[in-house]
Amino acid sequence: MEFSERLRELRMQRGISQNKLAEEIHISRSAVAKWENGIGLPSEESLRLLAEYFEVPYGELSPNREREAALVEKNVVIKRQKKVIAALSAVLCTALVGAAAFWYPPFREYVFPFVLGILFSAMGVFNMCGNIATIHWYNRRRVRKEDQKAYCFAMGLGTMIMGIGTMLFSALFAVFHAAWVEYGSLAIMGLGFLLMLYAQFRYNRGIF
């Protein structure tokens, strides 16, 4: 078992959050998140503190430095690539929206909801991937560990559907100004909202 998996397992067995663990061994919460997600390795001193805190032998936590370092480097590269792709996508979307507003003046009135739809869709994809930030946030809620992946996916899909509905309304209503566009977009956004509600009551056992 890799160090990141073993650390996460020990923390969940103890029933504490990443923030609580960080406080107990006097480090930052972000450091724990990096360790658990395979994009960082603890120092020898941190390993000793972790072993003492979880009451396990030091050797049980001590990772294969060469293998783990290679894995960390790979994960760091992947993370950088994702950031580059996200940045390029944002620039492309901005360029497309600007071009549409320039070449088709009626669309200018609907630029804001269209951009809002893009943001909602991006947030949806972000959640569906079960990223570090959302997983940590869900740990502080009432979502059980075994339900986190399904919860991330359902919430993300619902958010993305709402974003798509908003973008469709902005793009099509600027052209057709028809009731079917408005009602159809509302129906799509409603579907996304219902999916988010389902996720909340199914996995989070309530709205909050």
Side-chain angles (χ1 to χ4, degrees), residues 1-24 28-40 54 75 78-79 81-83 85-86 89-90 93 112-173 180-208:
M1 181 181 291
E2 295 175 359
F3 168 75
S4 58
E5 296 174 344
R6 182 56 178 153
L7 177 60
R8 186 182 299 111
E9 180 183 69
L10 288 170
R11 181 176 63 79
M12 297 305 293
Q13 288 176 354
R14 185 65 66 93
I16 59 173
S17 65
Q18 291 180 346
N19 192 56
K20 177 64 175 176
L21 175 58
E23 290 176 355
E24 292 291 338
S28 66
R29 198 283 305 171
S30 61
V32 177
K34 288 180 179 180
W35 297 345
E36 289 193 1
N37 287 276
I39 54 176
F54 289 117
N75 288 337
I78 291 173
K79 188 176 181 181
Q81 290 174 342
K82 287 181 178 179
K83 287 183 178 180
I85 292 172
S89 299
C93 288
F112 177 74
F114 189 84
V115 172
L116 193 64
I118 292 176
L119 292 176
F120 265 76
S121 299
M123 287 172 57
V125 174
F126 193 69
N127 269 5
M128 288 171 70
C129 292
N131 58 87
I132 297 173
T134 52
I135 287 294
H136 175 63
W137 185 59
Y138 295 149
N139 281 342
R140 296 185 304 207
R141 309 193 74 188
R142 292 175 292 176
V143 182
R144 294 178 301 181
K145 180 183 177 183
E146 58 268 26
D147 292 332
Q148 284 179 352
K149 186 175 180 180
Y151 182 56
C152 285
F153 184 84
M155 288 292 289
L157 183 60
T159 306
M160 187 175 68
I161 290 174
M162 289 185 66
I164 291 173
T166 305
M167 286 190 292
L168 285 176
F169 168 77
S170 305
L172 296 179
F173 200 73
W180 65 266
V181 174
E182 184 176 0
Y183 295 141
S185 300
L186 286 174
I188 294 173
M189 287 186 279
L191 177 63
F193 182 70
L194 288 175
L195 183 57
M196 293 172 70
L197 278 181
Y198 166 78
Q200 286 294 97
F201 283 97
R202 173 67 176 81
Y203 301 112
N204 195 45
R205 298 181 293 283
I207 295 294
F208 303 106

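Scope of the values below: all heavy atoms of this structure, side chains included, with no hydrogens, waters or symmetry mates.
- In this structure, the side-chain contact (heavy atoms from CB on, under 4.5 Å) partners of Tyr183, at least two apart in sequence or on a different chain, are Ala179.
- The side-chain contact (heavy atoms from CB on, under 4.5 Å) search around Ala22 returns Ile27, Arg29, Val32, not counting sequence neighbours.
- To the nearest 0.5 Å, the span separating CG on Asn19 from OG on Ser28 amounts to 10.0 Å.
- Inter-residue side-chain proximity for Phe169 and Leu186 is flagged as unmet; no heavy-atom pair is nearer than 4.5 Å.
- Across Phe193 and Met162, no two heavy atoms sit closer than the pair N-CG, 3.8 Å.
- With rounding to the nearest 0.5 Å, the separation of CZ in Phe120 from CZ in Phe126 is 15.0 Å.
- Counting only heavy atoms from C-beta outward, the side chains of Lys20 and Arg14 never approach each other to under 4.5 Å.
- Of the charged side-chain nitrogens involved, none lies within less than 4.0 Å of a carboxylate oxygen, so that Arg8 and Glu5 do not count as a salt-bridged pair.
- Here the closest heavy-atom approach between residue Arg11 and residue Ile16 is recorded as NH1-O, 2.9 Å.
- Considering only heavy atoms from C-beta on, Leu157 comes within 4.5 Å of Phe153 through its side chain.
- Of all non-hydrogen atoms in Trp35 and Ser4, the two that sit nearest each other are O-CB, 3.1 Å.
- Between Phe114 and Ser170, the closest heavy-atom pair is N-OG, 3.2 Å.
- No side-chain heavy atom of Leu21 sits less than 4.5 Å from a side-chain heavy atom of Gln18.
- Residue Cys152 comes nearest to Asn127 through the heavy atom pair CB-O, 3.2 Å, listed as atom of the first residue, atom of the second, then distance.
- Here the closest non-hydrogen pair linking Ser121 and Met167 is OG-CE, 3.4 Å.
- Thr166 places no side-chain N or O within donor-acceptor distance of the main-chain N or O of Gly117, the cut-off being under 3.5 Å.
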